[in-house]
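Everything quoted here is computed from the prediction, not taken from an experiment.
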Amino acid sequence: MDVMKAMAIYPAVDPRMPAFLGGECSGIITAIGEEVVGLHVGDEVLALAPDFDTTSLLASHVIVP
């Protein structure tokens, strides 16, 4: 999605709204909380930011629920 947004070809719901980058990311789990089940350190994962105008996943490390 970010590539499409940067190229201005992402089909926006409202074309007057800015296309925020950083709404998605992928990576490898490096740590998990005590109550996390079904995921393990080393698993490959992806995440989506639920609120694109206030949350950006453009970072070296991201913590998500």
Side-chain angles (χ1 to χ4, degrees):
M1 288 189 300
D2 282 347
V3 171
M4 292 173 63
K5 290 176 185 177
M7 295 176 63
I9 60 173
Y10 185 77
V13 174
D14 185 347
R16 297 169 294 177
M17 297 297 292
F20 295 98
L21 299 179
E24 62 189 10
C25 70
S26 64
I28 298 173
I29 295 177
T30 59
I32 57 172
E34 292 179 9
E35 297 180 22
V36 174
V37 294
L39 297 172
H40 303 89
V41 171
D43 285 353
E44 295 177 345
V45 292
L46 65 91
L48 301 174
D51 191 359
F52 295 113
D53 61 342
T54 60
T55 304
S56 176
L57 300 178
L58 290 175
S60 62
H61 291 76
V62 177
I63 298 172
V64 295

Given the rule that I, L, V, M, F, W and Y join up when any side-chain heavy atoms are under 4.5 Å apart, are L48 and V45 in one cluster?
-> no
task: Treating Ile, Leu, Val, Met, Phe, Trp and Tyr as nodes and any side-chain heavy-atom pair under 4.5 angstrom as an edge, say whether I9 and V3 lie in one connected cluster.
output: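 Linked within one cluster.
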When rounded to the nearest 0.5 Å, the distance separating CD1 of I29 from CG of L39 is 4.5 Å
The residue among V37, D43, V36 that forms side chain to side chain contact (heavy atoms under 4.5 Å, CB included) with H40 is D43
